[in-house]
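Not measured: the values here are computed from a predicted model. These numbers come from the heavy atoms of this one structure, side chains and all, not from hydrogens, waters or symmetry mates.
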Amino acid sequence: MKPFTQRVVAIIAGIPPGQVMTYGQIAALAGSPRGARQVVRILHSMSKKYKLPWHRVINGKGKIALPEEESFTVQKMFLEAEGVAVSEAGEVDLAVYQYNVERTLEEHVFVDPQDGE
DNA sequence: ACCCTGACTTGGC
DNA sequence: GGCCAAGCCAGGG
């Protein structure tokens, strides 16, 4: 397995319940800013062989990207079961549910606005 | 090994 | 805001 694939798998596996990540975001974290489609491919093959929270991955518009209504509904249910609000159209509020590593860090690092930058 | 596809993204109308 | 075209590159036939 290629390193990129491993990183993608590791990142997806690390998405906490109740949160989501976009294909592009995952690709960027894995070291390939333009590799969103590779993430898709990896998700396809790996989710079958490994247990990955594939349902926590959505597209950059904040919507479920599944073409098949059947799988679409399944993903919607999975997310709602974790407390994520999903609209009928499959839209998720990224500002609220996106697993943003940097934002997570900010929550733990206190930055004094009066202390320079 | 070559060719095609894809659960995407971005940029231009 | 939406629609179209191109770029991306790992898997599968």
Side-chain angles (χ1 to χ4, degrees):
Chain A
M1 188 190 301
K2 298 193 174 184
F4 176 69
T5 302
Q6 295 185 330
R7 286 197 293 276
V8 169
V9 170
I11 292 169
I12 294 174
I15 304 174
Q19 301 222 269
V20 300
M21 280 187 90
T22 70
Y23 296 96
Q25 185 187 8
I26 293 170
L29 274 179
S32 184
R34 305 290 113 187
R37 310 187 70 162
Q38 288 64 271
V39 174
V40 171
R41 291 248 47 85
I42 293 168
L43 216 52
H44 265 256
S45 50
M46 305 308 277
S47 62
K48 295 171 186 170
K49 304 167 187 171
Y50 303 80
K51 297 174 184 175
L52 289 180
W54 58 272
H55 57 279
R56 300 192 190 127
V57 183
I58 61 180
N59 69 22
K61 303 183 204 65
K63 302 201 301 188
I64 291 176
L66 290 162
E68 293 180 53
E69 188 179 317
E70 201 175 309
S71 330
F72 176 97
T73 304
V74 172
Q75 177 167 18
K76 186 169 177 290
M77 282 169 44
F78 266 105
L79 289 175
E80 293 178 327
E82 295 183 347
V84 177
V86 185
S87 73
E88 279 303 307
E91 298 165 310
V92 173
D93 189 344
L94 288 179
V96 176
Y97 299 107
Q98 181 172 40
Y99 177 49
N100 185 315
V101 178
E102 295 187 1
R103 190 190 69 190
T104 300
L105 290 177
E106 288 175 16
E107 293 175 355
H108 295 276
V109 180
F110 231 131
V111 180
D112 189 335
Q114 298 183 59
D115 190 10
E117 283 295 275

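Put simply, the side chain of A:Glu82 does not reach to within 4.5 Å of the side chain of A:Gln19, judged on heavy atoms. Using a 4.5 Å heavy-atom threshold, the side chains of A:Gln38 and A:Val8 count as separate.
The distance between atom CE of A:Met21 and atom C1' of B:dT9, rounded to the nearest whole Å, is 15 Å. Across the protein-nucleic acid pair, A:Glu91 atom CD and C:dG1 atom C1' stand 13 Å apart, rounded to whole Å. Atom C1' of nucleotide B:dC8 and atom CD1 of A:Ile58 are separated by 12 Å, given to the nearest angstrom. Rounded to a whole Å, the CG atom of A:Leu43 is 11 Å from the P atom of B:dA7. The nearest whole Å value for the distance from the CG atom in A:Leu66 to the P atom in B:dG6 is 14 Å. For the pair A:Gln25 CD and B:dT10 P, the computed distance is 11 Å after rounding to whole Å. In this structure, CD of A:Glu68 is placed 12 Å from P of B:dG6, rounded to the nearest angstrom. Put simply, NZ on A:Lys63 is 14 Å from C1' on B:dT9, counting in whole angstrom units.
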Side chain to side chain contact (heavy atoms under 4.5 Å, CB included) assessment of A:Met46 paired with A:Ile12
CA-CA 11 Å; A:Met46 305 308 277; A:Ile12 294 174; over 6 Å; no
Evaluate the criterion side chain to side chain contact (heavy atoms under 4.5 Å, CB included) for residue pair A:Ile58 and A:Gln75; output intermediate values, then yes/no.
CA-CA 10 Å; A:Ile58 61 180; A:Gln75 177 167 18; 3.9 Å; yes
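Using cut-offs of 30° and 60° for the angle between ring planes, the A:Phe78 and A:Trp54 rings count as perpendicular.
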Would you give a per-nucleotide map of nucleotides 6-13 of chain C, 5' to 3', where B means the base has a protein non-hydrogen atom under 4.0 Å away, S means only the sugar-phosphate does, and - means neither?
-BBBBS--
Under 3.5 Å for both distances, Watson-Crick or G-U wobble, that's the pair rule; now give the dot-bracket for DNA chain C, with | marking pairs to another strand and [ ] for crossing ones.
.||||||.|||||
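Judged by distance alone, with hydrogens and angles left aside, the side-chain atoms of A:Ser45 form a donor-acceptor pair with the main-chain N or O of A:Arg41 at under 3.5 Å.
No single ILVMFWY cluster, assembled from side-chain heavy atoms under 4.5 Å apart, contains both A:Met77 and A:Leu52.
For the pair A:Ser32 and A:Phe4, the tightest heavy-atom approach, listed with the atom from each and the gap, is CB-CE1, 3.4 Å. Of all heavy-atom pairs spanning A:Arg56 and A:Leu79, the tightest one is CA-CD2, 4.2 Å.
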